[in-house]
Number of protein chains: 2
Amino acid sequence: MKENKPATIKDVALLAGVAPSTVSLVLNSSDKVRKETRDKVLDAVKKLNYVPNNFAVSLRQSHYICLGVLVPDLYNSFYLEIVKGLRDRCNETGYPIYVSETKNSLAEEERQISYLRSIKVNCFVFIGTGDDDTQLVQNLLMNPNNHVAYADKYDETGTIPHVVIDNYRSAYDAMTCLIQNGCENVYYVTQKVMSAPVQKRMDGVIDAMKQHGIYSENKIVVANDVLLGKLEAGYYAMTSILSKEVPDGVMASSDYLAIGMKRVLSERGLRIPQDVSMIGFDNIDISRYTVPSLSTVNQPREQMGRLTFSLVTDRDATYTAANNRFVLQHDFIIRESIRSQKG
Amino acid sequence: MKENKPATIKDVALLAGVAPSTVSLVLNSSDKVRKETRDKVLDAVKKLNYVPNNFAVSLRQSHYICLGVLVPDLYNSFYLEIVKGLRDRCNETGYPIYVSETKNSLAEEERQISYLRSIKVNCFVFIGTGDDDTQLVQNLLMNPNNHVAYADKYDETGTIPHVVIDNYRSAYDAMTCLIQNGCENVYYVTQKVMSAPVQKRMDGVIDAMKQHGIYSENKIVVANDVLLGKLEAGYYAMTSILSKEVPDGVMASSDYLAIGMKRVLSERGLRIPQDVSMIGFDNIDISRYTVPSLSTVNQPREQMGRLTFSLVTDRDATYTAANNRFVLQHDFIIRESIRSQKG
DNA sequence: ATGAAAGCGCTAACAT
DNA sequence: ATGTTAGCGCTTTCAT
């Protein structure tokens, strides 16, 4: 039995011997129709393999509640975990969710937003995108039906709800830990794109170094992760450090970088943590299983996603925080890659 | 300037002093309208921040070309790379793409398909989903507008184009390599969900073992990766093997499993590859950077995605293969985790 | 080169 | 409890 065109509500009505509006009623609120009629309709629906045309529904209802998510990189497990939190909440509540990749490009971001608007998405979540998109966001908010929230992204105006961890503090503490465990010559390798969170981490690292009198500009190394991929970028960053000297500690702005760096140390016969202590950032799943396991800072990523969902779908602002900044707790996870040698 | 309702084509027409149909003409084919009129229209579009309502467009045009992708697990980098290939081709050609997670659940798959159909998706790509969804697919194909292709999934009927590697052969070769390099007591750890590709790999492994007279049933260990996550599942599988004996070689059906297994060996002071040779499957990005680096089988994942895109969007079957099976080349990647000791 | 008008499939207000 | 009907925003003949 080949169907040529998908069945419409009219076809169902015809087959069931009722009016289209009755079919609609059955499909949307089951209690306003006599059971007998209802069964006839549902029978016809099944027989015709009927699926409502969402375009017609949404056109008619003129509003459409759907989450649009913008992420720089869809292959970064850090972002993916935040998206997972969003996705789970969407599944729980029946919201459609559309995830787009922006590749750190403002033009791409604009293109994606335009598409999302064309399909009447009205809830926009920005995860970790650059700081230059504030104008885009303002544009979006011109329509009061639109809602915006950020995850892992700051809003200094205090108008847009955003979920972050204390990036400054967590990085400050991580670097301090290295120092307190005896490191005196520490390098910090950071990713290239200086989003606000990454900037704040660097500030924290530098302040910690300064406070212990071990800061100098050349201790900060910018990895070439835009061109190379994080693992390889870490590998090259560490290689360049070793071409100058062997530090007694290294910190990276992400675990991926750290794993690339670790590989070089092993190749050179340097032992972690005996020769070099090491700490990453993000706590990706593999960090616990590397040899030695990697110390790191954990961000509650899924929880960030879940909270962001609430913020962007919340029509009544039941959630509040000073300056719309929701700061979640990070954890500092000490594993084998740091030698413990207090003092 | 707050806009309350998004601008419609009428608003644009009004402001530009033309008819709605003219606006439509301008927006869709630029050459049928006088330049002067065109500019007026584009001006109005910009002023009103106008974005076409895709629901209305698609409703009117009644067909909609959009890719719907179904994946068991959105946090598995293997699938993600295939999706990346699809996504790139979509971006190149302007197709929208909607990616759904099915979690190895038939019910979830059904739910997602129903949603995709409601938004008039007509191209369906199944990546690595179970074998029990053939009925769903047949249902889909009742409508001749719908198109289906598989990636990393077999179709034995020969009706549905599918892209795979030679899973049997690649696994057979990998196991043979271990044996030829001197391993005599080898275990194979496989993931639990026995999709056809995973089954074929196991068949290949077992045949290679048998051919060299080293097969026995207890050499095959099924990891508990449904409950635990692959890393941890690998960890426990290896632990259980070591509770019986120390093999001289292990192979895993995925790199993730292998990394979990590797950790146990290191903890027990067993050296790779001196004491135990090791090989994984999938060539995830980290495998090159682990210490020691992990030997593995590479699938051309992005290419699989790109080809699958062509197959599902191709209206004229310009691509052909025997039984609709498109077999891409795998690579066998030898790294440090195998000791080389021919004979 | 541009305008007028019909209709895609659905829902909701109103009528019965 | 169910049917009738108008109209969401757009494209696409068909006129002009």
Side-chain angles (χ1 to χ4, degrees), chain A residues 3-42 44-45 48-65 114-115 117-122 143 145, chain B residues 3-42 44-45 48-65 114-115 117-122 143 145:
Chain A
E3 52 180 271
N4 275 326
K5 290 256 172 203
T8 71
I9 202 168
K10 263 191 191 167
D11 302 325
V12 176
L14 207 65
L15 181 60
V18 300
S21 55
T22 306
V23 177
S24 172
L25 233 45
V26 170
L27 262 41
N28 296 307
S29 54
S30 43
D31 49 350
K32 288 189 173 173
V33 180
R34 217 176 40 201
K35 185 177 181 330
E36 195 184 324
T37 326
R38 218 172 78 84
D39 289 347
K40 272 195 302 186
V41 169
L42 292 178
V45 164
L48 294 172
N49 201 0
Y50 169 75
V51 179
N53 182 333
N54 228 298
F55 293 140
V57 175
S58 299
L59 176 59
R60 177 57 226 241
Q61 297 190 333
S62 84
H63 73 284
Y64 177 53
I65 300 187
S114 176
Y115 175 70
R117 284 181 53 187
S118 81
I119 59 170
K120 296 290 159 197
V121 162
N122 69 333
N143 182 332
N145 283 321
Chain B
E3 51 179 272
N4 275 325
K5 290 256 172 201
T8 73
I9 202 168
K10 264 191 190 165
D11 301 326
V12 177
L14 206 67
L15 181 60
V18 299
S21 52
T22 307
V23 177
S24 172
L25 234 46
V26 170
L27 261 40
N28 295 308
S29 55
S30 42
D31 49 350
K32 287 190 174 173
V33 179
R34 218 176 40 202
K35 185 177 184 328
E36 196 183 324
T37 324
R38 220 172 74 83
D39 290 347
K40 270 194 305 185
V41 169
L42 292 177
V45 164
L48 293 173
N49 201 1
Y50 170 73
V51 179
N53 181 335
N54 229 299
F55 293 140
V57 175
S58 299
L59 175 59
R60 177 56 227 244
Q61 297 188 334
S62 82
H63 74 283
Y64 177 53
I65 301 186
S114 176
Y115 175 70
R117 285 181 54 186
S118 81
I119 60 171
K120 295 291 158 198
V121 162
N122 69 332
N143 183 332
N145 283 321

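Predicted model, so just to flag it, every value in this text is computed and none were measured. Numbered from 1 within each chain, the chains take letters A, B, ... in sequence-line order.
The phosphate of dC8(D) has neither OP1 nor OP2 within less than 4.0 Å of any side-chain N or O from N53(B).
Side-chain contact between V45(B) and L27(B) is present, with at least one heavy-atom pair separated by less than 4.5 Å. In this structure the side chain of V23(B) reaches within 4.5 angstrom of the side chain of V18(B), judged on heavy atoms. Looking at L14(B) and K10(B), their side chains never come closer than 4.5 Å, going by heavy atoms from C-beta outward.
Across all strands, T8(B) comes closer than 4.0 Å only to sugar-phosphate atoms, never to a base (heavy-atom distances). Across all strands shown, T37(B) has heavy atoms under 4.0 Å from sugar-phosphate atoms exclusively, and none from any base.
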For nucleotides 14-16 of chain D, tabulate all protein N/O to nucleotide N/O atom pairs closer than 3.5 Å, reporting atom names and distance.
none

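Between L25(A) atom CG and dT4(D) atom C1' there is a gap of 14 Å when expressed in whole angstrom units. If you take NZ of K120(A) and P of dC10(D), they are 7 Å apart, rounded to a whole angstrom. Here the C1' atom of nucleotide dG9(D) and the CZ atom of F55(A) are 14 Å apart, to the nearest Å. When rounded to the nearest whole Å, the span between CG of L48(B) and P of dG9(D) equals 14 Å. Rounded to a whole Å, the CG atom of L59(A) is 4 Å from the C1' atom of dC8(D).
Contacts between chain B and DNA chain C, taken as any atom within less than 4.0 angstrom of a protein heavy atom, begin and end at dA1(C) to dG9(C).
Terminal axes of the helix from dA1(C)-dT16(D) to dT16(C)-dA1(D) (five pairs each, C1' rotation axis) are separated by 40°, to the nearest 10°.
Across residues 11-22 of chain B, S21(B) each have a non-hydrogen atom less than 4.0 Å from an atom of DNA chain D (numbered order).
Listed by chain and number, the residues in a side-chain contact (heavy atoms from CB on, under 4.5 Å) with V51(A) are S114(B), R117(B), S118(B) (sequence neighbours excluded). Under the side-chain hydrogen bond (donor to acceptor under 3.5 Å, both in side chains) criterion, T37(B) pairs with no residue, sequence neighbours left out.
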